[in-house]
2 protein chains.
Amino acid sequence: MGASKLNIYNKGTTDLAIIAKVFSHPARVAILQYISKQDSCICNDIVDEIGLSQSTISQHLKVINDAGLLKGTYKGKSHCYCINIERFQEFQTLLNSFFNQTKSNCC
Amino acid sequence: MGASKLNIYNKGTTDLAIIAKVFSHPARVAILQYISKQDSCICNDIVDEIGLSQSTISQHLKVINDAGLLKGTYKGKSHCYCINIERFQEFQTLLNSFFNQTKSNCC
DNA sequence: TTTTATTATCGTAATATTGCAATATTACGA
DNA sequence: TCGTAATATTGCAATATTACGATAATAAAA
């Protein structure tokens with residue numbers, strides 16, 4: 001971007017944007033939907049499911065993980081990703097409080 | 001992006017991503033927060049408030065508006081923007097149903 | 001230890017986003 | 001109509017994102 005001014009906003013504003021960014025690409029939404037449907041998850045399944053390359057999926061998983069939305073343990077050869085429900089709920093709370101503060105007062 | 005594959009996802013997935021994208025930049029979150037606090041809103045006020053140039057703010061407003069999140073009427077010389085609450089609630093509903101379907105079953 | 005399966009990282013190309021200055025457009029008031 | 005204030009658009013530069021193939025790293029199995 002043209003010198004992204006990311007330091008002029010307050011923390012709540014930036015936080016909301018950071019988490020929203022995770023959801024701003026359909027691949028990541030699809031990955032999250034898929035993971036949340038599974039009992040456990042192997043990354044290779046995601047590749048077959050979504051239709052992107054392994055490296056691309058891996059990068060998207062990194063973005064999701066960096067936002068704190070995943071938990072994971074190792075399980076045999078494959079990693080087991082799952083949703084970090086607590087972090088999810090933080091996001092939901094942040095959004096809901098944003099919505100609750102939002103009014104339509106004109107027009 | 002490297003040939004963004006936007007046609008391989010189902011509609012609900014894409015919809016969520018499109019609306020999330022509006023919130024994925026703090027400038028837009030700040031604009032929405034500011035508008036929702038006002039009884040009515042004049043764009044020039046936003047410019048003073050957020051700290052970006054008039055043309056940049058105008059472009060962000062266009063992104064927000066294209067997603068259907070604004071309503072507006074003309075009021076004197078200035079445009080009056082306000083939040084399209086109905087559309088906002090659609091977004092909230094979409095997110096909530098996403099969260100409700102989300103489980104943490106492993107780890 | 002070597003092989004194999006799985007996931008992460010690197011390099012690179014294509015595309016998208018962000019931001020601003022300059023300019024155009026729009027609508028009101030004199 | 002002309003001037004003025006407010007908003008939109010255009011053109012450009014800087015940066016970020018997305019995607020993939022190739023390759024590296026890791027851990028279990030042979």
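Order of the sequence lines sets the chain letters (A, B, ...), proteins ahead of strands, with each chain counted from 1. The figures here come from the full heavy-atom set of this structure, side chains too, leaving out hydrogens, waters and symmetry mates.
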Original post:
What dot-bracket string describes DNA chain C from 5' to 3', counting Watson-Crick and G-U wobble pairs whose defining distances are under 3.5 Å, with [ ] for crossing pairs and | for pairs to another strand?
Top reply: ||||||||||||||||||||||||||||||

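- A search for side-chain contact (heavy atoms from CB on, under 4.5 Å) contacts involving T13(A) returns Y9(A), N10(A), P26(B), V29(B), A30(B), Q33(B), not counting sequence neighbours.
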Using a cut-off of under 3.5 Å, enumerate the N/O to N/O pairs linking the protein to nucleotides 21-25 of chain D.
| residue | atom | partner | partner atom | Å |
| --- | --- | --- | --- | --- |
| dG21(D) | N7 | S55(A) | OG | 3.3 |
| dG21(D) | O6 | S55(A) | OG | 3.1 |

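- A straight line from CG of N65(A) to C1' of dT9(C) spans 15 Å, rounded to a whole angstrom.
- L95(A) places none of its side-chain heavy atoms less than 4.5 Å from the side chain of Q92(B).
- Spacing between atom NZ of K62(A) and atom P of dA16(D) amounts to 15 Å, rounded to whole angstrom units.
- One can place CD1 of I64(A) at 15 Å from P of dT17(D), the figure rounded to the nearest angstrom.
- Residues satisfying the side-chain contact (heavy atoms from CB on, under 4.5 Å) criterion with L94(B), sequence neighbours excluded, are D15(B), L16(B), I19(B).
- Smallest separation of non-hydrogen atoms from C82(B) and I35(B): CA-CG2, 3.7 Å.
- Ring-centre distance between F23(B) and F23(A): not below the 6.0 Å cut-off.
- For E90(A), the salt bridge (Lys or Arg N to Asp or Glu O under 4.0 Å) criterion is met by R87(A), not counting sequence neighbours.
- Judged by distance alone, the side chains of S55(B) and S58(B) never bring a donor and an acceptor atom under 3.5 Å apart.
- Going from atom CD1 of I50(B) over to atom C1' of dT7(D) covers 16 Å, rounded to whole Å.
- Distances shorter than 4.0 Å separate some side-chain N or O of K21(B) from OP1 or OP2 on dT17(C).
- Rounded to whole angstrom, the span from the CG atom of D66(B) across to the C1' atom of dA8(D) amounts to 12 Å.
- Taking side-chain N and O atoms only, Y81(A) has no distance below 4.0 Å to OP1 or OP2 of dT6(C).
- The side-chain heavy atoms of I46(B) and I50(B), taken from C-beta on, include a pair separated by under 4.5 Å.
- Atom-to-atom, CG of L61(B) to C1' of dT18(C) comes out at 15 Å; the value is rounded to the nearest Å.
- One can place CD1 of I46(A) at 14 Å from P of dA19(D), the figure rounded to the nearest angstrom.
- H25(B) has no side-chain polar atom (N or O) that falls below the 4.0 Å cut-off from OP1 or OP2 of dA16(D).
- Checked against dT9(C), dT18(C), dT18(D), the side chain of H60(A) finds its nearest nucleotide in dT18(D).
- In this structure, the CG atom of D45(A) is 8 Å from the P atom of dT7(C), given to the nearest Å.
- Sequence neighbours left out, not one pair with a member in residues 23-34 of chain A passes salt bridge (charged side-chain N to carboxylate O under 4.0 Å, His left out).
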